[in-house]
Amino acid sequence: MAAGLATWLPFARAAAVGWLPLAQQPLPPAPGVKASRGDEVLVVNVSGRRFETWKNTLDRYPDTLLGSSEKEFFYDADSGEYFFDRDPDMFRHVLNFYRTGRLHCPRQECIQAFDEELAFYGLVPELVGDCCLEEYRDRKKENAERLAEDEEAEQAGDGPALPAGSSLRQRLWRAFENPHTSTAALVFYYVTGFFIAVSVIANVVETIPCRGSARRSSREQPCGERFPQAFFCMDTACVLIFTGEYLLRLFAAPSRCRFLRSVMSLIDVVAILPYYIGLLVPKNDDVSGAFVTLRVFRVFRIFKFSRHSQGLRILGYTLKSCASELGFLLFSLTMAIIIFATVMFYAEKGTNKTNFTSIPAAFWYTIVTMTTLGYGDMVPSTIAGKIFGSICSLSGVLVIALPVPVIVSNFSRIYHQNQRADKRRAQQKVRLARIRLAKSGTTNAFLQYKQNGGLEDSGSGEEQALCVRNRSAFEQQHHHLLHCLEKTTPVGPGSLLSSCCPRRAKRRAIRLANSTASVSRGSMQELDMLAGLRRSHAPQSRSSLNAKPHDSLDLNCDSRDFVAAIISIPTPPANTPDESQPSSPGGGGRAGSTLRNSSLGTPCLFPETVKISSL
Amino acid sequence: MNLEGLEMVAVLVVLALFVKVLEQFGLFEPVSLEDSVDDEFELSTVCHRPEGLEQLQEQTKFTRKELQVLYRGFKNECPSGIVNEENFKQIYSQFFPQGDSSTYATFLFNAFDTNHDGSVSFEDFVAGLSVILRGTVDDRLNWAFNLYDLNKDGCITKEEMLDIMKSIYDMMGKYTYPALREEAPREHVESFFQKMDRNKDGVVTIEEFIESCQKDENIMRSMQLFDNVI
């Protein structure tokens with residue numbers, strides 16, 4: 001507790017008087033640091049909210065921003081206060097840390113915002129007090145998991161972004177992991193699924209008793225023995241397919257060792273091995289018992305479905321993550337079973353012809369009773385036995401009911417996480433597209449500006465649209481920078497930017513450049529831009545259509561912003577895209593309004609837009 | 001017979017469960033409940049307020065502002081207004097992480113706690129600091145003597161000194177270089193007594209102590225340590 005140390009330091013130093021007479025050498029002189037006699041009140045202005053505190057308070061933690069001389073950088077001599085352009089609500093918590101020595105985490109704020117504030121003020125997240133530490137950690141972990149999921153999803157790439165030079169192996173592996181990437185993969189996916197189903201159904205049907213058509217006699221044979229050839233063929237076919245699939249996966253796997261150790265490959269092996277072992281082992285009576293056992297393993301083929309079903313995977317994952325709860329359940333059940341079995345055995349010992357012949361025999365009764373099955377094949381007959389039996393069944397309900405909600409909540413959490421992840425992945429593409437669109441607005445603002453003749457030195461006076469001159473300082477400097485870059489390289493003007501933007505985005509963005517340019521000033525808030533975009537749709541549309549060119553100029557520029565009217569008129573898709581757009585006659589600096597017709601081939605946002613732009 | 005015994009047990013168990021159920025319905029309140037309720041609400045905070053600022057100004061040699069600063073720090077750390085021995089030890093040990101300062105902290109506590117009521121209030125704290133930081137050399141030596149004299153009988157015996165010495169050496173910790181030897185405290189005590197004990201009667205009285213210290217140049221020079229602590 002650094003706060004404590006700073007306060008008590010004078011006391012500790014004073015207590016050194018006890019060592020003085022004992023010292024055999026002269027003690028070193030005290031440091032010349034003169035503690036300031038007076039304690040002053042500092043004013044910290046955070047975005048308009050004034051916080052006042054003693055200087056001593058801030059000095060308690062000298063390795064933070066406020067405690068060190070770093071705060072002098074923020075000192076405003078005119079007003080005599082320290083000004084920080086940060087969130088005042090968060091600052092409250094930071095300041096309370098200095099005052100009380102405990103850093104609390106606000107419940108209603110975003111954990112990342114809190115982290116950023118801490119980083120700014122030089123506080124380590126470990127300083128969060130015990131009362132809030134667990135919650136802080138949980139929220140942070142949740143956030144981190146979510147971000148990791150997103151990143152993973154991007155890297156795992158449902159998108160078709162595969163390097164061109166990928167080998168057959170890589171393509172094969174991708175086909176296996178993401179069946180939706182190509183039709184062949186999809187077909188393979190469904191074929192294997194079909195064969196798994198066929199194999200499982202064959203296993204099941206094999207044991208159903210078929211009545212022979214001709215025979216009236218004795219016993220019914222199971223179908224497997226009636227049609228051994230047919231079943232054998234089906235089995236062989238399935239195993240061949242599975243073996244082929246397994247070998248292909250093995251070949252395509254980027255890391256064979258890891259693949260061999262993975263659960264799915266183990267399931268595959270267990271599914272096909274019994275067949276081969278059955279082939280190798282001769283059919284004599286000694287080993288046929290073992291052979292029958294092997295057949296049981298064929299049922300594991302059903303687990304191959306987990307590649308096809310996400311729900312199954314989630315279930316498996318849940319069980320794995322709840323291993324400790326399951327272990328506890330098992331342990332407590334075992335304890336209870338042993339206790340009650342013993343009691344029941346001794347309670348029923350006297351009765352003759354009793355079923356409770358030994359304690360292990362009583363285990364069966366206990367299990368059946370505790371799980372409230374109650375088969376009734378073993379029933380106590382003494383009074384003591386009945387009493388203890390009823391206690392046993394009551395406690396069985398409790399013991400089983402306790403760990404189950406934990407497992408259920410775990411499953412629910414993981415399941416919802418998965419749902420969220422899927423939804424997010426779906427929305428991510430749209431989101432990224434919008435962001436890309438908005439960001440390319442800046443570059444194309446420059447392009448547009450060049451068209452408008454802003455680069456030419458001749459100031460054309462009023463003819464040059466007011467809007468052009470009303471660019472912000474940021475834009476001016478940014479455009480100047482891009483211009484310098486262009487001039488550095490010996491290529492012609494306009495080629496830099498026309499080549500760097502994808503054509504689609506350029507076409508789309510040019511239409512929107514006029515409106516986005518107004519908001520690209522400083523703030524890269526993409527969605528705000530789009531909101532502003534949409535706002536600029538409706539009000540200006542009708543009036544601009546009917547207005548004369550001159551009027552529309554004024555209308556469009558009456559807000560200081562360089563805003564163009566964008567009209568959404570669904571145009572028939574037969575319009576050909578306007579290829580020659582970039583080099584069109586804007587260069588003269590002449591004001592005028594042109595109606596441009598363009599159709600955008602892009603899938604999402606603004607299907608067809610017609611733009612009236614004022615130059 | 002077995003069966004009867006078990007039946008008895010079974011009947012007893014049923015009775016016990018029955019009693020528990022009745023308790024739940026509140027028809028059968030065992031006595032123990034009432035006592036436990038009161039224990040919960042025992043007030044654990046005892047608040048102590050110091051005398052007024054003016055009185056403290058008179059009693060100590062600190063200025064008003066210094067007292068204010070001291071009190072603010074003190075109140076922040078101990079909102080209840082007093083420090084008990086455990087807290088005292090804990091606070092002091094934070095300054096000496098490498099060794100064990102608990103024994104010396106106890107001695108200090110006893111020296112600060114002038115009225116021996118088991119707790120150090122703000123007045124005690126400030127009184128002690130005033131003597132050490134603003135007092136004359138004699139005052140300080142007096143205070144040190146008071147610290148060494150564990151049983152407050154007016155003289156320091158060799159055992160008392162040995163205890164003090166051991167506690168100080170404990171504060172150094174085990175990992176010093178060169179390592180402190182076992183006999184170091186004892187030797188130190190011997191040399192101390194040789195210097196201080198004028199009449200060689202095995203104890204050091206206050207007069208002997210002050211006299212010898214005033215003659216020792218090192219000690220006098222080191223007294224400047226306390227001039228600008230606050």
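Naming convention: chains lettered A, B, ... in sequence-line order (proteins, then strands); numbering from 1 in each chain.
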Undergrad: Identify which part of B:Ser191 has an atom lying under 4.5 Å from any heavy atom of chain A, answering side chain, backbone, both or neither.
TA: side chain
Undergrad: Relative to chain A, which segment of B:Tyr104 carries a heavy atom at a distance below 4.5 Å: side chain, backbone, both, or neither?
TA: side chain
Undergrad: Would you mind checking which part of B:Ile219 comes under 4.5 Å of any heavy atom in chain A, side chain (CB onward), backbone (N, CA, C, O), both or neither?
TA: both
Undergrad: Can you find a pair of side-chain heavy atoms, one from A:Pro21 and one from B:Tyr148, that are under 4.5 Å apart?
TA: yes
Undergrad: Contact part of A:Phe388 toward chain B, heavy-atom cut-off under 4.5 Å: side chain, backbone, both or neither?
TA: side chain
Undergrad: How close do A:Pro10 and B:Leu129 get, heavy atom to heavy atom, and via which atoms?
TA: O-CD2, 4.4 Å
Undergrad: Other residues, nucleotides and ligands only: do more than 12 of their heavy atoms fall within 6.0 Å of CD1 on A:Ile383?
TA: no
Undergrad: Is the shortest side-chain heavy-atom distance between B:Phe95 and A:Arg13 below 4.5 Å?
TA: no
Undergrad: Which answer fits A:Leu20, side chain, backbone, both or neither, if we ask what part of it has an atom under 4.5 Å from a heavy atom of chain B?
TA: both
Undergrad: Within the structure provided, determine whether B:Met161 and A:Leu22 are in side-chain contact (heavy-atom separation under 4.5 Å).
TA: yes
Undergrad: Identify which part of A:Trp54 has an atom lying under 4.5 Å from any heavy atom of chain B, answering side chain, backbone, both or neither.
TA: side chain
Undergrad: For a 4.5 angstrom cut-off between non-hydrogen side-chain atoms, does A:Ile387 reach B:Val13?
TA: no
Undergrad: With rounding to the nearest 0.5 angstrom, report the CD1 to CG distance, B:Ile91 to A:Leu9.
TA: 12.5 Å
Undergrad: Which heavy atom in A:Val17 sits nearest to a heavy atom in B:Ala144, and how many Å separate them?
TA: O-CB, 4.0 Å
Undergrad: Using a cut-off of 6.0 Å, state whether more than 12 heavy atoms not belonging to B:Lys20 lie near its atom NZ.
TA: no
Undergrad: At a heavy-atom distance under 4.5 Å, which candidate from B:Phe107, B:Trp143, B:Phe125 has the highest pair count against chain A?
TA: B:Phe125
Undergrad: For B:Val131, is it the side chain, the backbone, both, or neither that has a heavy atom closer than 4.5 Å to a heavy atom of chain A?
TA: neither
Undergrad: Check whether B:Val83 gets within reach of chain A through its side chain, its backbone, both or neither, counting any heavy atom under 4.5 Å.
TA: side chain
Undergrad: Give a yes or no on this: more than 12 heavy atoms of other residues, nucleotides or ligands lie within 6.0 Å of atom NZ of B:Lys166.
TA: no
Undergrad: State the CH2-SG distance between A:Trp8 and B:Cys78, to the nearest 0.5 angstrom.
TA: 4.0 Å
Undergrad: Give a yes or no answer on whether the side chain of B:Asn76 reaches the backbone of A:Arg99 with a donor-acceptor pair at less than 3.5 Å.
TA: yes
Undergrad: With a sphere of 6.0 Å drawn around CZ of A:Phe328, does it hold more than 12 non-hydrogen atoms of other residues, nucleotides or ligands?
TA: no
Undergrad: Would you indicate whether B:Gln214, at its atom CD, is surrounded by more than 12 heavy atoms from other residues, nucleotides or ligands within a distance under 6.0 Å?
TA: yes
Undergrad: Tell me whether the count of non-hydrogen atoms from other residues, nucleotides or ligands lying under 6.0 Å of CZ in B:Arg198 goes above 12.
TA: yes
Undergrad: Between A:Phe11 and B:Phe88, is a ring pair (Phe, Tyr, Trp, His ring centres under 6.0 Å) present by the stated rule, with each step listed?
TA: CA-CA 11 Å; A:Phe11 152 69; B:Phe88 199 87; 5.2 Å; yes
Undergrad: Does any backbone or side-chain atom of B:Phe112 lie under 4.5 Å from a heavy atom of chain A? Answer side chain, backbone, both or neither.
TA: side chain
Undergrad: Does B:Gln24 CD have over 12 foreign heavy atoms under 6.0 Å away?
TA: no
Undergrad: Is the number of heavy atoms from other residues, nucleotides or ligands within 6.0 Å of CE (B:Met172) greater than 12?
TA: no
